[in-house]
Protein chains: 2
Amino acid sequence: MRRQIPDVVVSRLPMYLRVLALLKAEGIDFISSRGLGSRLKMTPAQIRKDLCYFGKFGRQGRGYNVGRLFSELKQILGLDKQWSMALVGVGRLGRAIMDYKGFIPEGFKLVAAFEKDRNLIGKKIGGVVIEDFAVLGKSVKEKNVDIAIVAVPSSEAQNVIDMLAQSGIKAILNYAPICARVPRGVRLQGIDPVVALQSMTFYLTRV
Amino acid sequence: MRRQIPDVVVSRLPMYLRVLALLKAEGIDFISSRGLGSRLKMTPAQIRKDLCYFGKFGRQGRGYNVGRLFSELKQILGLDKQWSMALVGVGRLGRAIMDYKGFIPEGFKLVAAFEKDRNLIGKKIGGVVIEDFAVLGKSVKEKNVDIAIVAVPSSEAQNVIDMLAQSGIKAILNYAPICARVPRGVRLQGIDPVVALQSMTFYLTRV
DNA sequence: CCTTGTGAACGCATTCACAGCA
DNA sequence: TGCTGTGAATGCGTTCACAAGG
């Protein structure tokens with residue numbers, strides 16, 4: 001088995017991918033670690049070190065082939081396949097997520113949505129029929145959902161996350177502003193604008 | 001001047017605040033670093049160390065007074081005042097942000113919104129009149145905006161961010177999926193569900 | 001016994017520096 | 001010359017361990 005990769009390295013790969021996609025679009029074929037570094041405000045050494053966890057992708061004197069590195073990173077991140085997602089909670093936020101066009105081009109497809117509110121169940125938004133929250137476990141398995149997005153009120157979020165974990169979901173993107181617990185083996189990513197704001201105000205107050 | 005605080009410490013304070021608010025609501029008066037740690041999946045030592053950057057808030061044998069620590073952290077983070085925010089880009093995402101109820105209780109108030117699209121300018125959403133993007137610089141100063149939220153398409157995001165920085169904004173929350181550049185002294189926080197998903201798929205592919 | 005606060009030790013991520021190659 | 005890949009060195013955040021106090 002290959003040497004364990006630090007989480008922080010993995011978390012940087014999507015950014016590399018972003019820049020590489022841009023370079024591709026600009027028609028640039030080769031890029032050095034220095035070139036990548038200047039676009040990402042990182043040191044060239046860090047980029048080389050990060051990439052070297054996964055293999056040798058560069059050529060001395062030339063740099064990295066943009067297209068090649070792009071594909072390699074996509075594969076490393078598991079982005080060479082389609083991922084199926086389920087949304088839990090179709091309130092205001094949930095609907096914005098269902099409408100969001102940014103998932104599809106990256107290979108993430110919403111295949112199910114669940115809601116407790118009887119008035120919403122059965123309605124169709126963006127090609128997905130809203131199902132009763134009660135059938136979550138069964139439906140998630142039938143549809144081979146890989147990733148769940150949680151957009152329910154804070155008070156219900158932990159329960160929903162427990163149910164998702166129990167249904168075999170291994171990756172959860174949580175929009176509820178709580179510090180949730182997950183069993184070992186389940187990845188949880190929180191996404192919370194308020195927390196992001198709250199650490200900026202620290203710096204705003206002491207300039 | 002007090003010893004420089006690591007960014008990573010500051011970024012954890014909002015989470016402490018979250019848990020403390022919950023404890024307060026539960027009527028718990030004292031909590032030990034171990035108690036906080038178990039709720040946050042952190043070691044007690046780390047919590048004590050983090051807090052000790054800012055002062056001595058605990059009592060031996062007892063732990064921390066929940067209410068006191070809550071207030072202290074709020075003040076440290078600059079959350080004992082109201083912050084004014086401006087939104088740039090009132091598309092689908094922008095509207096969801098304008099509708100979002102989670103900012104107000106935390107002391108963040110949207111006071112302005114800007115849009116390029118003529119059809120939207122002048123309309124009123126949630127008490128805020130949408131202004132012409134062209135008057136951004138002037139309006140942001142008049143309204144003493146502290147923080148900007150960027151919700152424009154990727155292609156325009158860097159330009160918008162440049163304009164905001166030029167208008168004297170020192171903190172920007174960016175929803176556009178780009179790796180933007182800001183001048184020294186401006187804080188930029190990105191918020192991007194796709195990036196969050198893309199690092200989870202790495203782990204999904206190798207279980 | 002229970003806690004906190006904190007210097008010291010540790011371990012990990014970043015950076016350095018250079019061999020190897022085009 | 002330019003650049004990568006990588007062991008070694010550095011630096012920083014986490015954890016340890018304990019004095020001091022309840």
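What you see below is based on every heavy atom in this structure, not just the backbone, and it leaves out hydrogens, waters and symmetry mates. First the proteins, then the strands, lettered A, B, ... as listed; each starts at 1.
For B:D117, the side-chain hydrogen bond (donor to acceptor under 3.5 Å, both in side chains) test picks out B:N119, with sequence neighbours left out. Evaluation of the side-chain hydrogen bond (donor to acceptor under 3.5 Å, both in side chains) rule for A:Y100 yields no partner, not counting sequence neighbours. Here A:R39 pairs with A:E26 under the salt bridge (charged side-chain N to carboxylate O under 4.0 Å, His left out) rule; sequence neighbours left out. In this structure, the side-chain hydrogen bond (donor to acceptor under 3.5 Å, both in side chains) partners of A:E106, at least two apart in sequence or on a different chain, are B:Q198. When the side-chain hydrogen bond (donor to acceptor under 3.5 Å, both in side chains) test is applied to A:K81, no partner is found at least two apart in sequence or on another chain.
Look at CG on B:L69: it is 14 Å from C1' on C:dG5, rounded to the nearest Å. Remark: P of C:dT6 and CD1 of B:I5 are 13 Å apart, rounded to the nearest angstrom. When rounded to the nearest whole Å, the span between CZ of A:F57 and C1' of D:dT4 equals 13 Å. Atom pair B:F54:CZ and C:dG5:P shows a separation of 13 Å (rounding to whole Å applied). For A:I47 and C:dC16, the CD1 to C1' distance is 16 Å, given to the nearest whole Å.
Of the residues in residues 17-39 of chain B, those with a non-hydrogen atom less than 4.0 angstrom from any atom of DNA chain C are B:S32, B:S33.
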Can you give me every donor-acceptor pair (side chain of residues 180-192 of chain A, partner residue at least two apart or in another chain, under 3.5 Å) with its distance?
| residue | atom | partner | partner atom | Å |
| --- | --- | --- | --- | --- |
| A:R181 | NH2 | B:S38 | O | 2.2 |
| A:D192 | OD1 | A:V194 | N | 2.9 |
| A:D192 | OD1 | A:V195 | N | 3.4 |
| A:D192 | OD2 | B:R18 | NH1 | 2.7 |
| A:D192 | OD2 | B:R18 | NH2 | 3.0 |

Compile the donor-acceptor pairs under 3.5 Å between side chains in residues 63-76 of chain A and protein atoms, sequence neighbours left out, one pair per line.
| residue | atom | partner | partner atom | Å |
| --- | --- | --- | --- | --- |
| A:N65 | OD1 | A:G67 | N | 3.0 |
| A:N65 | OD1 | A:R68 | N | 2.9 |
| A:R68 | NE | A:E72 | OE2 | 2.9 |
| A:R68 | NH2 | A:E72 | OE2 | 3.2 |
| A:S71 | OG | A:G67 | O | 2.9 |

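Counting heavy atoms of neighbouring residues, nucleotides and ligands inside a 6.0 Å radius, atom CD of A:Q82 exceeds 12 of them.
For D:dG2, neither phosphate oxygen OP1 nor OP2 lies less than 4.0 angstrom from any side-chain nitrogen or oxygen of A:Y64.
Applying the side chain to side chain donor-acceptor pair (under 3.5 Å) test to every pair with at least one member in residues 169-178 of chain B, sequence neighbours left out, gives no pairs at all. Residue pairs meeting the side chain to side chain donor-acceptor pair (under 3.5 Å) criterion with at least one partner in residues 142-163 of chain B, sequence neighbours excluded, are B:K116-B:E156, B:E131-B:K143, B:Q158-B:D162.
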Check nucleotides 20-22 of chain C against the protein and report each pair of N or O atoms closer than 3.5 Å, with its distance, or say if there are none.
| residue | atom | partner | partner atom | Å |
| --- | --- | --- | --- | --- |
| C:dG20 | N2 | A:Q60 | NE2 | 3.2 |
| C:dC21 | O4' | A:Q60 | NE2 | 3.4 |

What are the atom names and distances for every N/O pair under 3.5 Å that joins the protein to nucleotides 15-18 of chain D?
| residue | atom | partner | partner atom | Å |
| --- | --- | --- | --- | --- |
| D:dT15 | OP2 | B:T43 | OG1 | 2.8 |
| D:dA17 | N6 | B:R48 | NH2 | 3.1 |

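Nearest-nucleotide positions on DNA chain D place A:K56 closer to the 5' end than the other of A:K56 and B:D50.
To the nearest 0.5 angstrom, B:L204 atom CG is 11.5 Å from A:L77 atom CG.
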